S.K.: 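Okay, here's the structure, questions in a sec.
By convention in this document, chain letters (A, B, ...) are assigned in the order of the sequence lines, proteins followed by strands, and residues within each chain are numbered from 1. None of the values given here were measured: they were computed from a predicted structure.
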Protein chains: 2
Amino acid sequence: MMKQRGQVVVDKILDTAERLFYLQGYSNTGINQVIEEADIAKASLYKHFETKADLLVAYVQRTHERWFSRLEATLNKVADPKDKLLALFDHHIERQEIRQYGGCPFIKANDEAGMSDSRVLAAIQQAKRHSKDLIKKLVAASGHKRILTDRELAEMIFIALEGAIAAASVFKGPAEIQTAKKIIQKLI
Amino acid sequence: MMKQRGQVVVDKILDTAERLFYLQGYSNTGINQVIEEADIAKASLYKHFETKADLLVAYVQRTHERWFSRLEATLNKVADPKDKLLALFDHHIERQEIRQYGGCPFIKANDEAGMSDSRVLAAIQQAKRHSKDLIKKLVAASGHKRILTDRELAEMIFIALEGAIAAASVFKGPAEIQTAKKIIQKLI
DNA sequence: CAATAAATAGACAAATCTGTCTATTTATTG
DNA sequence: CAATAAATAGACAGATTTGTCTATTTATTG
């Protein structure tokens, strides 16, 4: 039952889908490219995922899980509660560097399929609610200046992160995320 | 030379492309659907646009022009300089209602084609720079509290608008745009 | 009116797409 | 080892994609 060395087929599929769906977009990525680059048989893919849309849903959920794990690991390394808020921005600067400023994978998936597939939309909303909740907890524990209320500051950080990542993906650089960080720093 | 009543072919194409590219996405919209719904011949489309990608570039540029006209008209109705800043948010709440919370058309186009087509990326960057410049001018004339510098406030408003529109398109409602407005109100 | 330009309908090519199916080989497990 | 499950390669169907081309009709303009 346990495959230790060598990925199991479903992981190879998801790894490849994750890379291609983000880089090229869902619609621009064909099943044939996925199975070729994942180096698996087509029948194997359709044994694990009934349709291409099912693979998209799985991709969003898996991206959500991995996003959360990585962010949690980053935040655990930061002690000061205000610094945790600022670490959010540094984390996303690093992530967007790695992602070559391709923007937020959830917003991308939402723009491509969120209006037509309700399961995709639901998975994306879950991820964004998760992000917002996490920020709310960090704000509550931060002991900030109270220029804004807890709720306002949390919403502002959430919205600023979203906007800064979107802007960074337009201008292909970290500038807006760094700017957002400095401004939030003034407000906490 | 002048066509007065009845749209010329190129306008019918662009109107249809505008609607379909935004609603369904560029990749999910076929040339055949465009010509059918625009009620024109395929040869006419390819006489005006060499490739589908050229139509996308034209779509982005036209969306940019129309976005600016509409926003300018809205702002001209507002006298108070601080109210102009707040009117940005109201304007986008209305626009996103009409657009059924489909998000920013430029970010959408960027997510779908910005990484692969440099002309699309350039057109999107122009639109976003235009938006940022407009906000900067409004901020400079606003006589705000100077909790933030002019540059910081302008960047914050730009980023907050981007983020709020993205969040609104995930949660399919105006909540985040309204919240962003209230927060900016506190800072000006 | 005559000449030129613009638009039309639609067939067509060539490639690509998702999804199905068969037949075979490789792993796993009792 | 024997039985079951999982993965493979690849042909195939049927639909759809972008873009080209021909032949015809409709507008425009000198």
S.K.: What is the distance, to the nearest angstrom, from the CG atom on A:L45 to the P atom on D:dA6?
M.R.: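 In whole Å, D:dA6 P and A:L45 CG are 16 Å from each other.
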S.K.: Please give, in whole Å, the distance from C:dT20 C1' to A:K52 NZ?
M.R.: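 The distance from NZ of A:K52 to C1' of C:dT20 comes to 17 Å, rounded to the nearest Å.
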S.K.: What is the separation between atom CD on B:Q24 and atom P on D:dT17, rounded to the nearest whole Å?
M.R.: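 Computing the B:Q24:CD to D:dT17:P distance gives 10 Å.
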S.K.: Have a look at B:D39 and say if it touches a base, only the backbone sugar-phosphate, or nothing, with a 4.0 Å heavy-atom cut-off.
M.R.: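 Sugar-phosphate only.
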S.K.: Nearest whole Å is fine: how far is D:dA11 P from A:I31 CD1?
M.R.: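 Atom-to-atom, A:I31 to D:dA11, this comes out as 19 Å.
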S.K.: In this structure, how many angstroms lie between the P atom of C:dA7 and the CD atom of B:E36, rounded?
M.R.: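 It is 20 Å, rounded to the nearest whole Å.
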S.K.: Starting at the 5' end of DNA chain C, which residue's closest nucleotide do you reach first, A:Y26 or A:A43?
M.R.: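 Nearest-nucleotide comparison on DNA chain C picks A:Y26.
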S.K.: In whole Å, I'd like the distance from the NZ atom of B:K47 to the P atom of D:dG19.
M.R.: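 Checked: the NZ to P distance equals 17 Å.
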S.K.: In whole Å, I'd like the distance from the CD atom of A:Q33 to the P atom of C:dA15.
M.R.: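 Whole-Å distance recorded here is 18 Å.
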S.K.: Whole angstrom is fine here: how far is it from NZ in A:K12 over to C1' in D:dA6?
M.R.: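 Going from A:K12 (NZ) to D:dA6 (C1'), I get 13 Å.
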S.K.: Could you give me the CA-CA distance, side-chain angles and deciding distance for B:S131 and B:W67, then say whether side chain to side chain contact (heavy atoms under 4.5 Å, CB included) is met?
M.R.: CA-CA 10 Å; B:S131 173; B:W67 159 83; 3.7 Å; yes
S.K.: Please determine, for C:dA27, whether a Watson-Crick or G-U wobble partner exists with both distances under 3.5 Å, and give it or none.
M.R.: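 WC or wobble partner is D:dT4.
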S.K.: Looking at D:dA7, I'd like to know if its phosphate oxygens (OP1 or OP2) sit under 4.0 Å from a side-chain N or O belonging to A:H48.
M.R.: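 Indeed, a polar side-chain atom of A:H48 lies that close.
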S.K.: So B:K42, base contact, sugar-phosphate only, or nothing? Heavy-atom distance under 4.0 Å.
M.R.: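 Counting heavy atoms under 4.0 Å across all strands, the contact made by B:K42 includes a base.
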S.K.: Verify the neighbour count for atom NZ of B:K137: are there more than 12 heavy atoms of other residues, nucleotides or ligands below 6.0 Å?
M.R.: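 Result for NZ/B:K137: open.
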S.K.: A cation-pi test, strictly: NZ or CZ of A:K52 under 6.0 Å from the centre of the six-membered ring of A:Y26 and no more than 45 degrees from its axis. Yes or no?
M.R.: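 Geometry flag: set, cation within 6.0 Å and 45°.
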S.K.: If you compare all heavy atoms of A:T179 against all heavy atoms of B:E155, which two are closest, and at what distance to 0.1 Å?
M.R.: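 Nearest heavy atoms, A:T179 then B:E155: CG2-CB, 3.7 Å.
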S.K.: Only pairs with both distances under 3.5 Å count, Watson-Crick or wobble alike; so what is the partner of C:dC21 in this structure?
M.R.: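 Checking every strand shown, C:dC21 finds its partner in D:dG10, with both distances under 3.5 Å.
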S.K.: Picking from D:dT18, C:dA7, C:dT20, which would you name as closest to the side chain of A:Y46?
M.R.: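 Between D:dT18, C:dA7, C:dT20, the one nearest the side chain of A:Y46 would be C:dT20.
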S.K.: Quick one: label B:T29 by what it contacts on the DNA or RNA (base, sugar-phosphate, nothing), any heavy atom closer than 4.0 Å.
M.R.: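 If one applies the 4.0 Å heavy-atom cut-off, B:T29 turns out to touch the sugar-phosphate alone, with no base involved.
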S.K.: Pairing check on C:dA13: which nucleotide meets the Watson-Crick or G-U wobble criteria with it, both distances under 3.5 Å?
M.R.: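 Across all strands, the one nucleotide that pairs with C:dA13 is D:dT18.
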S.K.: For A:E162 and B:G163, which heavy atoms make the closest approach, and how far apart are they?
M.R.: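 Smallest interatomic distance, heavy atoms only, reads CB-CA, 3.8 Å.
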